[in-house]
There are 2 protein chains.
Amino acid sequence: MTNRPYHHGDLPAALLARAEKTLRERGVSALSLRELAREIGVSPAAPSRHFKSKQALLDALALTGLERLAEAIAASQEGVGEAFADRLDAAARAYVGFAVANAALLDLMFSVKHSPQASEALGATAHQWSDQLLELIGDGQRRGEVRVGPLERIALPVFAALHGYAALAVSGVLPPEAAEHGLDDLIASVLRGCAPQ
Amino acid sequence: MTNRPYHHGDLPAALLARAEKTLRERGVSALSLRELAREIGVSPAAPSRHFKSKQALLDALALTGLERLAEAIAASQEGVGEAFADRLDAAARAYVGFAVANAALLDLMFSVKHSPQASEALGATAHQWSDQLLELIGDGQRRGEVRVGPLERIALPVFAALHGYAALAVSGVLPPEAAEHGLDDLIASVLRGCAPQ
DNA sequence: CTACATTGTGATCGGTGTATACATTGAGGT
DNA sequence: ACCTCAATGTATACACCGATCACAATGTAG
């Protein structure tokens with residue numbers, strides 16, 4: 001009947017791709033393993049071969065999201081000046097941009113419900129990109145454009161402000177067109193917050 | 001058989017109370033209308049008389065959460081000095097304290113999935129407490145302890161920092177004991193961000 | 001070519017949200 | 001006091017979901 005071979009070829013990738021699509025279009029609550037299998041044209045039990053539970057799929061999705069976020073932040077630093085303000089500006093826009101473009105995914109990434117060993121992998125990937133921010137701030141310190149002090153203690157407020165702003169934008173609390181304008185104010189405020197003296 | 005009368009008396013309140021209990025203990029994903037009804041000792045369809053859908057119950061839950069948050073912020077201002085730094089400090093601790101004490105509920109409050117008319121009521125209640133922050137900052141401006149400028153544009157970075165810090169604490173990204181220590185740094189940073197000059 | 005691990009199938013189980021028709025109750029108007 | 005009638009709770013049913021199991025088809029290594 002079907003011309004599809006018995007084996008799909010790369011079912012895990014197909015599942016992740018389709019899952020992210022419906023995640024983006026209809027939110028996490030509309031994500032169903034059975035529906036995914038249906039759309040891909042595979043039996044309802046097939047996904048369980050690759051993701052032992054629905055939560056495992058969500059964890060994998062969050063992981064890819066973290067990886068892409070890290071890439072986006074890294075890419076934002078290409079071709080930008082060395083001044084701390086410029087680099088922070090670029091990173092902030094990349095972060096918030098990713099957040100509004102992947103709202104539901106961001107929720108997933110910072111969700112509380114990861115299994116213990118999943119959070120381990122997630123934590124590792126999270127470090128992979130939070131380290132970028134730490135390095136950015138460390139550079140700023142060496143250039144004398146950021147106040148001296150323990151790196152983490154200076155970075156935490158910066159990270160909180162970015163994350164909070166992204167969360168507000170994502171949850172629709174601030175109107176989407178105000179997001180861009182408000183970001184200028186946020187960055188300026190953060191810069192004042194970690195300026196020397 | 002049962003000594004419980006046919007009518008419960010105040011089923012909506014019982015549902016909300018029980019829902020918040022399991023929300024706190026086992027998270028939003030473990031919240032089931034049928035289980036709630038079972039625990040209260042009522043038929044599976046009974047909740048639908050008071051909450052037309054599960055989402056409606058969640059919205060109501062989020063609403064009570066916002067109200068309590070507003071109360072907590074207001075209470076934090078009692079018996080605190082008039083200096084802007086002191087008042088912001090108190091409000092920030094109240095906010096973050098509420099967040100870590102009601103993690104799952106906070107997720108619900110700022111979730112993206114509210115029905116259009118529900119977001120209306122939620123937005124109204126949200127204003128009820130964000131106005132407190134605006135007033136706090138406005139007072140600071142009048143006292144010359146906060147930079148001049150449009151109120152919302154100064155408040156947004158403050159709000160973003162608080163919200164982001166609460167979100168980080170809630171999602172377990174920063175270790176719970178570091179939450180208190182880090183809060184000092186956050187408040188100091190925010191104060192520098194909106195200081196005059 | 002043959003064992004064997006991998007991957008997909010089909011059926012089944014308990015659980016869930018929602019809708020509908022029906023039963024019980026209490027409150028307001030006469 | 002009675003009688004309506006809206007409000008509230010019940011019983012049942014439906015479709016869907018996640019998870020698990022035995023089994024079938026397929027690729028692969030020896």
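In what follows, chains are A, B, ... by sequence order, proteins preceding strands, each numbered from 1.
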| field | Residues which pass salt bridge (Lys or Arg N to Asp or Glu O under 4.0 Å) with Arg192(B), listed by chain and number, not counting sequence neighbours | value | none

| Glu20(A): salt bridge (Lys or Arg N to Asp or Glu O under 4.0 Å) partners, not counting sequence neighbours | Arg24(A), Arg68(A)

| request: List for me each residue that meets side-chain contact (heavy atoms from CB on, under 4.5 Å) alongside Ser48(B), sequence neighbours excluded, and say none if there are none. | output: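 Result, side-chain contact (heavy atoms from CB on, under 4.5 Å) vs Ser48(B): none returned.
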
| For Asp89(A), what residues pass the side-chain contact (heavy atoms from CB on, under 4.5 Å) criterion, not counting sequence neighbours? |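 Applying side-chain contact (heavy atoms from CB on, under 4.5 Å) to Asp89(A) gives Arg93(A), Ile187(A).
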
| said: Just to verify, what does Phe98(B) make a ring pair (Phe, Tyr, Trp, His ring centres under 6.0 Å) with, not counting sequence neighbours? | reply: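 Ring pair (Phe, Tyr, Trp, His ring centres under 6.0 Å) list for Phe98(B), sorted by chain: empty.
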
Round to a whole Å and report the spacing from [atom1] of [X] to [atom2] of [N].
X	N	atom1	atom2	value
Lys54(A)	dG15(C)	NZ	C1'	14 Å
Lys52(A)	dC21(D)	NZ	P	13 Å
Leu36(A)	dC17(D)	CG	C1'	13 Å
Asp10(B)	dG9(D)	CG	C1'	14 Å

| query | Is the shortest side-chain N to carboxylate O distance from Lys21(A) to Glu39(A) below 4.0 Å? | reply | no

Residue [X], side-chain atoms from C-beta onward, closest of [options]:
X	options	result
Arg49(A)	dT20(C), dG9(D), dG8(C)	dG8(C)
Glu35(B)	dT10(D), dG8(C), dT16(C)	dT16(C)
Ser43(B)	dG9(D), dT20(C), dG8(C)	dG9(D)

| message | Give the residues of residues 13-34 of chain B touching DNA chain C, defined as any heavy atom closer than 4.0 Å, sorted by residue number. | response |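 Going residue by residue through residues 13-34 of chain B, the ones with a heavy atom under 4.0 Å of DNA chain C turn out to be Leu31(B), Ser32(B), Leu33(B), Arg34(B).
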
| request: Examine dT6(C): is either OP1 or OP2 under 4.0 Å from a nitrogen or oxygen in the side chain of His50(A)? Give yes or no. | output: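 Negative; the distance criterion is not met.
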
